[in-house]
Amino acid sequence: MNRPRRSVYAPQEIEPKWQKIWADRGVMKAHDDSPKPKFYDLVMYPYPSGDLHMGHARNYVMGDALARMKRMQGYEVLHPFGWDAFGLPAENAAMRHPGLHPEKYTLDNISESKRDLKMMGMLYDWDREVASCMPDYYRWTQWLFLLMLQRGLAYRAKAPVNWCPVDKTVLANEQVINGRCWRHPEVEVEKRDLEQWFLKITDYADRLLDDLATLDGWPQKVRVMQTNWIGRSRGAEVDFPIDGLQGESVRIYTTRPDTLFGATFMVLAPEHPLVQRITTEKHRARVLEYVDKARKETEIERLSTEGEKTGVATGGFATNPVNGEKIPIWVADYVLMTYGTGAIMAVPAHDERDFEFARRYDLPIREVIAAAGRAQGPLREAYVGPGVMVNSDGYDGLDSAVAFEKICDDLEKRGVGKRAVKYRLRDWLISRQRYWGAPIPIVYCPTHGIVPVPSEQLPVMLPREYRPLAEQPDWYRTTCPVGGEEARRETDTMDTFIDSSWYFLRYASPHDNHEPFDPELANHWMAVDQYTGGVEHAILHLLYSRFFTKVLHDAGMLEVEEPFKRLFNQGMVKRFGQVMAKSAGNGVSIAQLSAEQGADAGRVYEMFIGPPEEDVEWTEAGLNGVVKFLQRVWRLVLEPKSIDISEGPAVAVNDAVLRRRVAQTIGRITEHYDELRFNTAVAFLMELANTMQDYLQGGGTRDGSWDDAVRTLVKLLNPLAPHMCEEMWQRLGEHGLLADASWPVFDPAAATEPKVTLVVQVAGKVRDKLEVDTGLSEDEALKLALAREKVRAALNGRGPSKVVYVRDRLINLVP
RNA sequence: GUCGGCGUGGCGGAAUGGAAGACGCGCCAGCCUUAGGAGCUGGUGCCCGAAAGGGCGUGGAGGUUCAAAUCCUCUCGCCGACACCA
């Protein structure tokens with residue numbers, strides 16, 4: 001039999017077709033002068049590693065789907081893309097393949113990844129593409145460094161720094177994890193004293209912390225992590241005069257000035273400058289040995305001794321300013337030179353670490369805060385809570401919180417101490433001894449010292465040859481911009497996190513060659529309305545970007561003080577139990593997916609696979625389920641007559657039910673897309689398709705309600721499966737691109753179930769039926785509650801009742 | 001250790017305090033096919049029962065409420081971040 005050929009869903013044909021049309025028409029160009037409300041939809045720009053696969057795609061599908069919906073809703077959407085293109089992997093590749101320049105490696109990867117993104121149907125405004133390794137980008141990265149310098153936020157200092165022996169570079173504090181390099185967990189980080197550039201992020205610690213409270217569109221988790229990272233504490237600095245050193249004292253920092261009377265000894269960090277002078281002859285040998293050992297120990301060895309606190313007495317003593325008591329001074333490596341003043345008063349009764357140390361070295365423990373309800377007697381562990389002051393002279397009997405303030409007042413009056421705030425946050429070390437980064441635009445002149453390269457001479461271009469800058473005299477030999485003397489360029493480059501701290505601003509005016517960004521345009525597009533990316537950037541990138549934004553605000557270049565209004569961290573895609581990665585060999589290739597099931601199927605599947613913030617497992621079976629769904633939609637929309645209706649419907653769906661389902665779906669989908677809850681959104685689309693099929697099988701009349709359902713389904717599915725929907729839209733005879741079509745409007749009244757029937761059963765027998773109008777959807781719960789009261793009243797206390805309420809489509813199931 | 005988060009079918013997971021298990025995968029039965037790893041229909045939390053029906057069910061124990069997966073207290077177990085920050 002020769003039946004007319006059915007149209008078959010063939011993604012391999014329609015996907016390239018529509019990708020070309022979108023590109024030709026510039027569908028996702030963002031217009032600066034549009035009268036429409038703006039929506040800045042940003043995905044974290046990636047490092048172009050050259051192995052883009054479906055594991056990366058999840059983030060981009062979310063961003064793209066949101067951009068497409070917002071566009072249909074009438075927003076002028078800025079949805080840009082770029083590349084975090086400086087960095088070590090390119091250099092590593094160049095070292096593995098002699099002759100391969102990091103730039104070539106990077107640019108090749110970019111063009112390859114770009115092709116894959118287009119193949120996935122991502123609509124970016126490619127005219128705004130940025131790559132941080134291009135001179136017209138890093139020119140402005142350098143400019144921003146000079147701005148920092150000008151504002152007193154960049155400084156050079158000799159400091160013990162973290163040195164990764166594999167990457168042969170200094171690492172930021174944030175890049176050291178448990179004493180190991182973040183990129184090479186197999187090696188320990190070494191300590192070296194080097195002259196390095198720092199950014200004074202600590203100047204902004206308070207604002208970075210306090211403004212977290214305004215970021216209610218951020219995950220709580222990230223806000224907590226940043227809060228802890230900044231680690232603000234309030235306390236006091238107190239001077240303890242040193243015995244035998246006239247006029248000199250040890251300054252300590254404590255968060256518990258209320259426990260001053262419980263200080264029974266002091267501890268200095270091994271690196272503390274006073275250690276040498278305090279130590280008595282008798283103790284000198286042992287102290288030197290201890291300090292020497294601590295110096296040599298790497299971070300990791302120090303950590304491994306956790307629980308085994310060690311230290312030595314110096315033989316020196318200091319006087320506690322509140323009670324004149326002389327207490328011994330010890331040296332121990334559990335006190336860090338990098339926090340507070342590098343010296344503490346030890347209060348073993350009320351600090352766990354001091355308690356442990358006192359136990360080990362048999363030092364006295366004196367209780368000065370009485371815990372409510374605790375019986376008298378020796379402490380078994382440090383009591384760190386609040387309580388009533390004891391053994392504290394004139395403060396006895398006070399609440400410890402009150403005594404805290406009073407003691408601080410008294411210390412300040414006597415000039416022996418003062419309130420102080422400390423942070424765990426350190427300044428940001430940005431120097432990197434690497435080639436593939438933005439050169440720090442500084443010249444060292446024998447006469448004028450540290451001289452910034454004048455901004456009109458930017459960019460300081462990277463030399464062509466791939467070799468450490470410090471080994472390229474032709475490059476680093478220069479003349480002083482001030483006096484013309486022979487001078488030397490800074491040969492370090494900047495941490496790539498600097499590049500990524502401002503890229504979202506460059507998108508506003510990516511071709512501006514007068515300034516890093518046009519303040520007017522940046523103010524137009526900022527803040528980012530939705531920022532999506534991995535949780536691994538919860539601290540570093542996000543904190544640095546917030547810092548830059550605040551500095552630029554202070555410089556009068558930006559209105560906003562926070563760059564990202566809403567932040568979302570998507571989960572990772574796994575396969576065979578492991579995160580998809582080239583190295584793990586479990587990545588799903590975009591080209592292959594595209595050629596087989598189609599990009600649309602991959603897009604819908606990654607959204608349906610699980611909650612967007614959770615890690616998910618990619619399976620072929622799951623993907624296949626989505627393919628079936630898309631094929632079913634295709635038939636429902638274009639070939640409804642091909643649906644087998646011989647079996648009849650399971651549940652009767654009439655026009656009214658179909659209309660209501662369509663209206664409900666519009667409401668749910670709009671809300672869930674907006675909140676990036678794509679997994680449930682796909683489920684709603686499937687439900688709509690199921691209802692439509694039931695409608696056909698029930699011999700639906702196919703009046704306007706069917707056509708409306710079809711067009712609504714196509715529009716609602718469009719952000720997730722854009723190629724297929726665009727094709728269906730055209731075949732339905734609609735004119736114009738679906739990408740330009742308007743988003744369906746939610747009508748709450750049309751979505752409301754007409755009524756609820758309450759069937760009252762008592763002891764299994766139906767006693768009563770009540771019809772309750774639930775007309776106002778926002779108040780359904782309340783109405784039901786009222787209905788329940790009505791039922792209970794009707795029963796008039798006749799024993800245990802069971803109340804069942806059913807919606808109209810299931811009414812016939814209840815006798 | 002501290003701080004966050006999470007415990008729901010065979011699996012991934014749904015449920016503004018209001019029918020627990022939406023949607024999908026898998027599985028079972030049937031239909032259609034030369035065949036199917038295709039398509040269609042129905043079923044599918046657990047226990048008892050041929051069925052009707054009944055009982056039990058969101059890690060565990062209490063509590064609040066007409067009503068709890070959801071709120072509160074305690075407890076057990078996982079996951080993540082930080083980890084000597086005075």
Side-chain angles (χ1 to χ4, degrees), chain A residues 177-178 219-229 231-233 235 252-256 259 267 269 302-303 305-309 332-336 338-347 350-354 356-357 384 422-426 535-536 538-539 605 608-611 613-626 628-629 631-632 635 642-650 677 679-690 693 697 756 759 764 777-789 791-792 801-807 810 814-815:
Chain A
I177 297 154
N178 287 333
Q220 183 62 22
K221 180 183 169 182
V222 174
R223 291 201 278 171
V224 168
M225 283 167 75
Q226 293 215 353
T227 302
N228 293 340
W229 189 262
R232 179 165 65 195
S233 72
I252 60 101
Y253 172 71
T254 177
T255 55
R256 294 294 302 274
T259 64
V267 186
R302 271 207 188 187
L303 288 172
T305 61
E306 185 186 352
E308 289 269 316
K309 293 195 181 1
D333 66 2
Y334 80 91
V335 173
L336 308 173
T338 47
Y339 184 80
T341 59
I344 63 159
M345 64 166 187
V347 184
H350 306 292
D351 182 280
E352 285 164 11
R353 295 150 302 185
D354 299 344
E356 191 190 325
F357 195 79
V384 298
K422 299 283 175 194
Y423 304 90
R424 185 182 172 282
L425 183 71
R426 310 290 154 77
V535 72
E536 67 274 18
I539 294 174
Y605 177 50
F608 181 58
I609 191 167
E613 69 281 6
E614 297 290 329
D615 291 353
V616 291
E617 173 79 16
W618 174 290
T619 65
E620 296 301 316
L623 176 62
N624 200 41
V626 168
K628 270 158 60 178
F629 165 64
Q631 286 169 343
R632 200 147 61 89
R635 291 212 321 278
S642 75
I643 303 284
D644 179 6
I645 59 169
S646 59
E647 299 282 345
R677 294 160 67 192
N679 57 328
T680 44
V682 175
F684 298 148
L685 290 169
M686 288 171 166
E687 282 187 84
L688 175 59
N690 290 345
Q693 189 159 332
Q697 286 171 346
V756 165
V759 180
S777 57
E778 75 266 21
D779 225 348
E780 184 171 338
L782 180 62
K783 299 222 166 188
L784 278 170
L786 289 171
R788 288 261 160 76
E789 290 306 314
V791 169
R792 290 192 326 135
S801 64
K802 182 178 175 186
V803 178
V804 182
Y805 70 95
V806 290
R807 299 209 168 141
L810 293 176
V814 176

Rounded distance in Å between the P positions of B:U8 and B:A14: 12 Å
Verdict with reasoning, A:Arg223 to A:Asn228, per side-chain hydrogen bond (donor to acceptor under 3.5 Å, both in side chains): CA-CA 9 Å; A:Arg223 291 201 278 171; A:Asn228 293 340; over 6 Å; no
Cation-pi geometry met for A:Lys422 and A:Tyr253 (6.0 Å, 45°): yes
Whole-Å C1' distance, B:G21 and B:C11: 13 Å
Phosphate OP1/OP2 of B:A38: any A:Lys628 side-chain N/O under 4.0 Å: no
Atom P, compared across B:C25 and B:G7: separation rounded to whole Å: 24 Å
Spacing between A:Leu623 atom CG and B:C23 atom C1', to the nearest angstrom: 17 Å
Aromatic A:Tyr334 / basic A:Lys309 pairing, under 6.0 angstrom, 45° off normal: yes
Any strand: nucleotide that pairs with B:G42 via Watson-Crick or wobble, under 3.5 Å: B:C28
Rounded C1' spacing from B:A67 to B:G53 in Å: 25 Å
Per A:Asn690 side chain, nearest of listed nucleotides B:A86, B:C82, B:G24: B:G24
Base partner of B:U33, which must satisfy Watson-Crick or wobble distances under 3.5 Å: none
Touch class at under 4.0 angstrom, heavy-atom based, for A:Asn624 against every strand present: nothing
Rounded distance in Å - CZ (A:Phe629) to C1' (B:A22): 14 Å
Spacing of the C1' atoms in B:G54 and B:G60 (rounded, Å): 27 Å
For B:G36, glycosidic torsion class - syn if within 90° of 0, otherwise anti: anti
Between B:A14 (P) and A:Phe684 (CZ): distance, integer Å: 10 Å
G-U wobble or Watson-Crick pairing nucleotide for B:U70 (cut-off 3.5 Å, both distances): none
A:Leu685 CG - B:A22 C1' separation (whole Å): 14 Å
Closest to the A:Arg424 side chain, choosing from B:C25, B:C82, B:U41: B:C82
C1' gap between B:G10 and B:G4, integer Å: 32 Å
Any strand: nucleotide that pairs with B:A19 via Watson-Crick or wobble, under 3.5 Å: none
Between C1' of B:C84 and OH of A:Tyr339, the distance in whole Å: 12 Å
Pairwise distance OG1(A:Thr680) to CD(A:Glu687) - rounded to 0.5 angstrom: 10.5 Å
Proximity to the side chain of A:Thr680 - top-ranked nucleotide from B:A86, B:A15, B:C40: B:A15
A:Arg632, nearest nucleotide to its side chain (from B:A22, B:G24, B:C82): B:G24
Separation of atom CG in A:Leu336 from atom P in B:A83, rounded to whole Å: 11 Å
side-chain N/O A:Gln631 vs B:A38 OP1/OP2, d < 4.0 Å: no
5' precedence on RNA chain B between A:Arg677 and A:Thr619 (nearest-nucleotide basis): A:Arg677
Side chain of A:Met686 - closest among B:G24, B:A86, B:C84: B:G24
Shortest non-hydrogen separation from A:Met345 to A:Thr254 and the atoms involved: CE-OG1, 3.6 Å
Within 6.0 Å of CD in A:Glu352, more than 12 heavy atoms from elsewhere: no
Inter-nucleotide C1' distance (B:A61, B:C66), Å rounded: 24 Å
Nucleotide nearest A:Trp229 when distance is taken to its side chain, options B:U41, B:A22, B:C82: B:C82
Sugar-phosphate, base or nothing in reach of A:Lys422, heavy atoms under 4.0 Å: nothing
C1' spacing across the pair B:A69 / B:U16, given as an integer number of angstrom: 15 Å
B:U2 - base-pair partner by Watson-Crick or wobble geometry, distances under 3.5 Å: B:A81
From B:G39, B:A86, B:A14, nucleotide with atom closest to A:Asp351 side chain: B:A86
Closest non-hydrogen atom pair, A:Phe629 against A:Ala689: CE1-CB, 4.0 Å
Residue whose closest nucleotide on RNA chain B lies nearer the 5' end, A:Asn679 versus A:Met225: A:Asn679
Atom of A:Phe608, atom of A:Val626 and distance for their closest heavy-atom approach: CD2-CG2, 4.2 Å
d(CD, A:Glu536; C1', B:G80) in whole Å: 13 Å
Candidates B:C40, B:C84, B:A86 - which lies nearest the side chain of A:Ile344: B:A86
Separation of B:A22 P from A:Leu688 CG (nearest whole Å): 18 Å
Test side chain to side chain contact (heavy atoms under 4.5 Å, CB included) applied to A:Lys221 and A:Val224, step by step: CA-CA 5 Å; A:Lys221 180 183 169 182; A:Val224 168; 5.9 Å; no
Sugar-phosphate, base or nothing in reach of A:Thr338, heavy atoms under 4.0 Å: nothing
Proximity to the side chain of A:Tyr334 - top-ranked nucleotide from B:C84, B:G24, B:A83: B:C84
Counterpart base for B:G57, defined by Watson-Crick or G-U wobble contacts under 3.5 Å: none
Whether A:Arg256 side chain and A:Val384 backbone form a donor-acceptor pair below 3.5 Å: yes
Nucleotide paired to B:A50 in any strand shown, Watson-Crick or G-U, under 3.5 Å: none
Just the atom pairs and distances: protein N or O near nucleotides 3-12 of chain B's N or O, under 3.5 Å.
residue: B:G12; atom: O2'; partner: A:Ile609; partner atom: O; Å: 3.0

For A:Asn679, all residues meeting side-chain hydrogen bond (donor to acceptor under 3.5 Å, both in side chains), sequence neighbours excluded: none
Touch class at under 4.0 angstrom, heavy-atom based, for A:Gly340 against every strand present: nothing
